[in-house]
Amino acid sequence: MELRRSRVIAAAILLGLLGAIVPIAAMAYISWTIAVEKQQDNLERVAEQTIMRAGRTFEDAKLALDSLAYPRLAPCSPQHIARMRVIAFNTPSVAEVGYIENGRLKCTSWGVEEGEVNKAPVDYVTPDGLEVTTHVQPAASMGNPVMALHYGGYSVLMDPARFVDILVEDDISLALANRDGLLISKLNSPDPALVETLSSGEPRKGMTSSSFYAVARDRGLIAIAMEPRANLAAKLREEQFLLLPVGAFIAIFIVGIVAWLSRKRLSPLGELSIAVRKREFIVHYQPIVELKTGTCIGAEALVRWQRPDGSLVRPDLFIPLAEESGLILPITDQVIEAIIAELGALLRMDRSLHVAVNLSAADVTSARALDVLEDRLAGTEIESRQIWLEATERGFIDIDAARATLARARERGHAVAIDDFGTGYSSLQYLQGLPMDALKIDKSFIDTIGRNSATSSVTSHIIEMAKTLDLHIVAEGVETEEQADYLKARDVNFGQGWLFSKPLPAPDFIRYYRNAKASREDGRGNIRGVAA
């Protein structure tokens with residue numbers, strides 16, 4: 001019992017700890033996952049916006065270059081220069097327009113180029129034919145380095161920042177590159193190594209030990225948005241503020257359930273339920289002896305609860321709880337199965353031998369046990385008359401149902417006895433109306449034999465009443481020779497008690513029966529002490 005309780009307590013502590021830790025840990029992990037997902041989704045949106053912005057900027061430049069082809073004007077004429085100036089002014093992303101002939105810059109939207117300026121080397125060509133030079137020093141304006149886009153005989157100069165000109169937080173970095181990883185534009189100093197790595201890979205979003213990132217690709221361009229992982233802390237706190245209380249509530253609920261289940265399992269009813277499920281009940285058999293001849297004519301099957309450690313629980317500690325909870329029904333079934341398994345061979349060998357089975361009040365009312373008996377006895381060759389049924393007076397609360405059950409039992413061949421007579425509330429009228437074969441006198445009355453007590457005379461009255469009703473009489477709890485002599489003198493048929501034998505396990509009862517039979521055949525007749 002203590003081992004089982006220790007195991008239940010240990011399991012409860014473990015489950016309680018898991019129930020407390022797992023939900024909170026799960027909510028912490030979910031908070032982290034959601035925060036990371038939101039961080040990456042935000043960067044993905046930024047990368048998509050960047051790629052769209054860069055695409056529109058290239059489209060604006062292409063439209064500007066296309067519009068320079070018509071109408072055809074004399075190269076570097078005032079009208080030509082004026083037209084280039086108008087296009088540069090009307091295209092926000094274009095800072096300067098130039099005309100190139102034979103690889104040399106002839107004029108720009110600023111005017112005729114006086115010096116010799118060669119066309120800048122091309123770094124790469126876009127899918128729609130634009131030649132791109134990523135780093136050019138303007139010859140006319142002499143401003144900051146710009147990007148040059150060439151198409152036909154014209155080129156436009158553009159500020160690289162125009163390609164990543166979107167609103168982002170200061171700690172988000174942007175990089176725009178072509179499909180070969182050539183950096184076109186950047187914002188807020190992105191990590192060059194990470195840009196190089198992501199330009200050649202396929203992931204859309206992810207993280208490194210120091211950064212979150214998201215990548216967008218379109219028309220030969222790659223936009224990369226990145227953000228330090230340190231920024232996660234604030235967003236993580238926001239998610240934890242929402243989810244950790246949920247985890248705490250779930251943890252409290254689980255711990256409460258574990259505590260409730262543990263108390264239930266540790267309760268007497270919980271222990272009894274486990275015992276029924278694990279079939280921890282065994283049967284001991286107390287011999288019933290014919291008082292005049294000493295012949296063992298049967299036994300009463302007494303259920304015992306044997307713990308896994310081998311200890312036995314007294315019936316008075318669990319039978320009332322079993323009857324109250326309804327667990328007595330499966331216990332009765334296990335008793336019947338044990339009788340058939342343990343004493344079946346002996347009952348088949350000696351047809352005069354019987355075993356008495358105690359019926360609970362629920363079985364007396366419902367007659368359920370009769371069907372169980374019929375089912376279990378089928379094919380065993382054990383005769384119904386060898387199984388006596390004993391009902392206590394507590395089973396007669398519904399006297400009509402009890403009468404019907406006992407009548408059915410007798411119809412099927414079972415003998416019926418009223419057990420522990422005198423301890424309940426049966427009246428003589430009830431006894432007269434119940435179909436019975438035997439009456440068992442409770443031990444409390446047998447104990448008064450030879451004593452000068454107020455109840456000592458009740459025993460003789462019970463005996464006379466049973467004779468009047470033509471019932472066999474079984475005296476329970478016979479412990480002394482004086483009691484046995486008293487009962488024999490009054491023609492009591494049978495007795496059971498420690499004077500003859502204590503309740504015995506099946507192997508010991510079989511040995512007792514065989515020794516008693518051998519003693520009777522030898523003519524000794526007295527079987528006391530045979531079980532020792």
Side-chain angles (χ1 to χ4, degrees), residues 281-306 310-315 332 334-358 377 380-383 385-390 414-415 417 419-420 437-438 440-443 446-447 472-488 492-532:
F281 296 92
I282 62 173
V283 179
H284 285 181
Y285 303 89
Q286 186 165 39
I288 299 175
V289 174
E290 189 175 36
L291 293 175
K292 287 188 177 180
T293 64
T295 302
C296 178
I297 54 93
E300 180 180 1
L302 301 172
V303 66
R304 297 289 185 264
W305 178 3
Q306 186 175 46
S311 63
L312 295 177
V313 180
R314 298 202 320 268
T332 300
Q334 293 181 27
V335 169
I336 293 171
E337 292 165 5
I339 292 170
I340 295 171
E342 296 172 347
L343 298 187
L346 187 63
L347 291 169
R348 286 189 290 270
M349 182 187 71
D350 186 351
R351 295 299 183 181
S352 66
L353 191 68
H354 79 270
V355 178
V357 179
N358 290 285
L377 291 177
T380 65
E381 298 182 6
I382 299 172
E383 296 180 0
R385 63 184 179 83
Q386 293 181 277
I387 304 298
W388 286 27
L389 302 179
E390 297 184 0
H414 300 291
D419 193 16
D420 299 334
D437 300 284
K440 300 187 74 172
I441 305 174
D442 187 71
K443 180 182 182 300
I446 304 302
D447 288 342
H472 292 296
I473 306 172
V474 182
E476 297 181 298
V478 181
E479 297 180 351
T480 66
E481 291 285 358
E482 182 181 6
Q483 292 170 345
D485 293 339
Y486 176 92
L487 295 169
K488 283 189 290 185
V492 173
N493 309 102
F494 311 113
Q496 66 183 87
W498 281 58
L499 178 63
F500 311 109
S501 173
K502 64 181 181 180
L504 302 170
D508 294 342
F509 172 76
I510 294 172
R511 189 180 307 113
Y512 172 94
Y513 169 79
R514 288 174 177 168
N515 290 340
K517 186 175 182 180
S519 297
R520 187 174 66 252
E521 291 173 352
D522 289 342
R524 293 195 293 270
N526 190 341
I527 63 172
R528 289 164 215 161
V530 171

Roughly how far, to the nearest 0.5 Å, is the [atom2] atom of [Y] from the [atom1] atom of [X]?
| X | Y | atom1 | atom2 | answer |
| --- | --- | --- | --- | --- |
| Tyr486 | Ile446 | OH | CD1 | 8.5 Å |
| Ile382 | Ile339 | CD1 | CD1 | 9.0 Å |
| Ile288 | Glu476 | CD1 | CD | 8.5 Å |
| Leu347 | Met349 | CG | CE | 9.0 Å |
| Thr480 | Trp498 | OG1 | CH2 | 15.0 Å |
| Phe500 | Glu479 | CZ | CD | 11.0 Å |

_Between Asp350 and Gln386, do the side chains contain a donor N or O and an acceptor N or O under 3.5 Å apart?_
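No, because no side-chain N or O of Gln386 sits under 3.5 Å from a partner of the opposite role on Asp350.
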Write down the atom of [X], the atom of [Y], and the distance for their closest heavy-atom approach.
| X | Y | answer |
| --- | --- | --- |
| Ile387 | His414 | O-ND1, 3.0 Å |
| Asn358 | Leu302 | ND2-CD2, 4.2 Å |
| Asp447 | Gly477 | OD1-O, 4.3 Å |
| Arg304 | Pro503 | NH2-CG, 3.7 Å |
| Pro315 | Val303 | CG-O, 3.8 Å |
| Lys440 | Ala417 | CG-CB, 4.5 Å |

*From the options Gln286, Gln496, His354, select the one residue that forms a side chain to side chain donor-acceptor pair (under 3.5 Å) with Glu300.*
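Of all the options given, the one that passes is Gln496.
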[X] side chain near [Y] side chain, heavy-atom distance below 4.5 Å:
| X | Y | result |
| --- | --- | --- |
| Tyr513 | Ser501 | no |
| His284 | Asp508 | no |
| Asn493 | Lys292 | no |
| Glu342 | Tyr285 | yes |

